[in-house]
Structures are given as structure tokens and as C-alpha cells.
Amino acid sequence: MIELEIHARPNAAKNHVGGEHDGRLRVSVTAAPDKGKANKAIQKLLAKTLSIAPSAIELIGGATSRKKRFRIDVSSEVERRLKTELERVRSL
């Protein structure tokens, strides 16, 4: 299991995962922060970027904040791969 802290940027020009903001992974989505639309878009974008099912990603903190925490529930083998991939996208 991985807990991922992100800095959300709703209403962005394009969907993008990469870089850092205050030590958090930066995730930009075009969706508006209205009725959870941006949160859902972030969940789907993270799943696509990390090549995992969206159902494996759960928002556990910061539903109405730019500072969010997600829990990613995967096997230990997949967890190792994800940690490597997360380090790569942080450097973008």
C-alpha cells in the first residue's frame, strides 16, 4: 500500500502528472473543482499514468483542498514498480 501526497491543479490547460510543489507530486487536470469532478479526474489520470485500475486508488484526505492524499492499494510487486514510476514522474 502506498500513500501519495499530491498538489492538485484543477482547471488546467491540459491533464498532466509531473514535477513537485512543496514536496508533493503535481497533478494538473482540466476538470473543474465542482462536486468532486476534479478529484475523479485526478484519480483516473493517476491510474492511467501508473497503469493500474482506478479502483485501486482512493482519496483519503483533502477532498476540498489542493493538498490531497491518495491511498494506492496494490501488491508488493506492483508497489515496487509504482515507487520507481513515481520517482520518474516527480522529475518531469
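Bear in mind that the values here come from a model prediction, so they are computed numbers and not experimental data. Values reported hereafter were calculated over all heavy atoms of this structure, with side chains retained and with hydrogens, waters and symmetry mates removed.
- In terms of heavy atoms, Leu25 sits closest to Val17 at CD2-CG1, 3.9 Å.
- Atom CZ of Arg90 has more than 12 heavy atoms from other residues, nucleotides or ligands within 6.0 Å.
- Taking both residues in full, the closest heavy atoms of Leu45 and Ser28 are given as CD2-O, 3.6 Å, listed atom of the first, atom of the second, then distance.
- A distance-only check finds no donor-acceptor pair linking the side chain of Lys37 to the backbone of Ala32 [under 3.5 Å].
- Residue pairs that meet the side chain to side chain donor-acceptor pair (under 3.5 Å) test with at least one member in residues 50-66, sequence neighbours left out, do not exist here.
- The two residues Ala8 and Ile42 come nearest to each other via the heavy atoms CB-CD1, 3.6 Å.
- In this structure, Asp73 and Met1 approach most closely via the heavy-atom pair OD1-CE, 4.1 Å.
- Distance alone, capped at 3.5 Å, is enough to place a donor-acceptor pair between the Gln43 side chain and the Ile57 backbone.
- Nearest heavy atom pair, residue Asn39 against residue Phe70, reads O-CZ, 4.4 Å.
- Proximity of a side-chain donor or acceptor of Lys68 to a complementary backbone N or O of Ala63 within less than 3.5 Å is detected.
- For Glu3, the salt bridge (Lys or Arg N to Asp or Glu O under 4.0 Å) criterion is met by Arg69, Arg71, not counting sequence neighbours.
- Residues Leu46 and Leu4 form a side-chain contact, since some pair of their non-hydrogen atoms from C-beta on lies under 4.5 Å apart.
- Among all heavy-atom pairs drawn from Glu20 and Arg26, the shortest one is O-NH2, 2.6 Å.
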